[in-house]
Amino acid sequence: MTEVSSLTGRLLVATPALADPNFDRAVVLLLDHDEEGSLGVVLNRPTPVGVGDILDCWAGLTGEPDVVFQGGPVSLDSALGVAVIPGDEGPLGWRRVHGAIGLVDLETPPELLGPALGSLRIFAGYAGWGPGQLEGELGEGAWYVVESEPGDVSFTRPEHLWRAVLRRQRSELAMIATYPDDPSLN
């Protein structure tokens, strides 16, 4: 078996050529990536469902927009909390993924985590890949892999996140940010 270099904490940015409608212009934060597979959440798919409609106790702690995001096509009936907590130590109920970004145990009483939260986003479902599947998609050119920033989790205009992430790159990827939504109209 070949060794898998972990991409945990990095972003997968869908290339314009990616044909899967689940991931059209998606920005995925990888929460786990190893030889057993990969798991992440799509950061730029807000739903019309308010956080208070499904997890009322967490509603006052999420940023704008205060809605549930569709984290991916897998297990849409499950919820994941991703939070940014600055500093070296995180509170009980939070597990560091990368840098200041971590997972929230949504069973933890919100009042224990609330004072420490820099930002919180709730996701319904996730994106998942089996062993070697993501590496195959990367080899086919379906995704750009870039560094994440804590502000990506709470980006207030999720419909602009794909372009914003590409635009901040210091390479030819910055030019991809101007790729038209429908190239046939050019």
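These figures come from a predicted structure and were not determined experimentally.
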If you define the side chain from C-beta out and look only at heavy atoms, does anything of [X] sit under 4.5 Å from [Y]?
{"X": "Pro48", "Y": "Val67", "value": "no"}
{"X": "Gln70", "Y": "Leu76", "value": "yes"}
{"X": "His160", "Y": "Arg167", "value": "no"}
{"X": "Ser119", "Y": "Phe155", "value": "no"}
{"X": "Val146", "Y": "Val165", "value": "yes"}
{"X": "Leu43", "Y": "Phe123", "value": "yes"}
{"X": "Leu138", "Y": "Leu7", "value": "yes"}

Which atoms form the tightest heavy-atom contact between [X] and [Y], and what is the distance?
{"X": "Leu31", "Y": "Thr8", "answer": "O-CG2, 3.5 Å"}
{"X": "Gly125", "Y": "Val41", "answer": "O-CG1, 4.2 Å"}
{"X": "Arg10", "Y": "Val145", "answer": "CZ-CG1, 3.8 Å"}
{"X": "Ser148", "Y": "His98", "answer": "OG-CD2, 3.9 Å"}
{"X": "Ala127", "Y": "Pro73", "answer": "CA-CD, 4.3 Å"}
{"X": "Ala116", "Y": "Pro91", "answer": "CB-CG, 3.8 Å"}

Main chain of [Y], side chain of [X]: is a donor-acceptor contact present, judged purely on distance under 3.5 Å?
{"X": "Asn44", "Y": "Arg25", "result": "yes"}
{"X": "Glu140", "Y": "Glu137", "result": "no"}
{"X": "Thr15", "Y": "Gly141", "result": "yes"}
{"X": "Arg121", "Y": "Glu64", "result": "yes"}
{"X": "Ser154", "Y": "Gly63", "result": "no"}
{"X": "Ser75", "Y": "Asp77", "result": "no"}
{"X": "Arg163", "Y": "Ala177", "result": "yes"}

ring-ring contact (aromatic ring centres under 6.0 Å, His included) with Trp143: which residues, sequence neighbours excluded? Phe23
Glu89 atom CD, neighbour heavy-atom count above 12 within 6.0 Å: no
Quick check: is [Y] connected to [X] through a chain of hydrophobic side chains (ILVMFWY, heavy atoms under 4.5 Å apart)?
{"X": "Trp129", "Y": "Leu103", "result": "no"}
{"X": "Leu30", "Y": "Leu80", "result": "no"}
{"X": "Ile176", "Y": "Val28", "result": "no"}

Salt-bridge present (Arg168, Asp152; N to O < 4.0 Å): yes
Under 4.5 Å side-chain linkage, directly or through intermediates, the cluster mates of Val104: Val49, Val51, Ile54, Leu55, Trp58, Leu61, Val68, Ile85, Trp94, Leu106, Leu113, Leu117, Leu120, Ile122
Straight-line distance of Leu12 CG to Leu29 CG, nearest 0.5 Å: 9.0 Å
For the pair Glu135 and His33, evaluate side-chain contact (heavy atoms from CB on, under 4.5 Å) and give the outcome as yes or no after the intermediate values. CA-CA 10 Å; Glu135 288 74 16; His33 176 253; 2.6 Å; yes
Can you name the side-chain contact (heavy atoms from CB on, under 4.5 Å) partners of Ala174, sequence neighbours left out? none
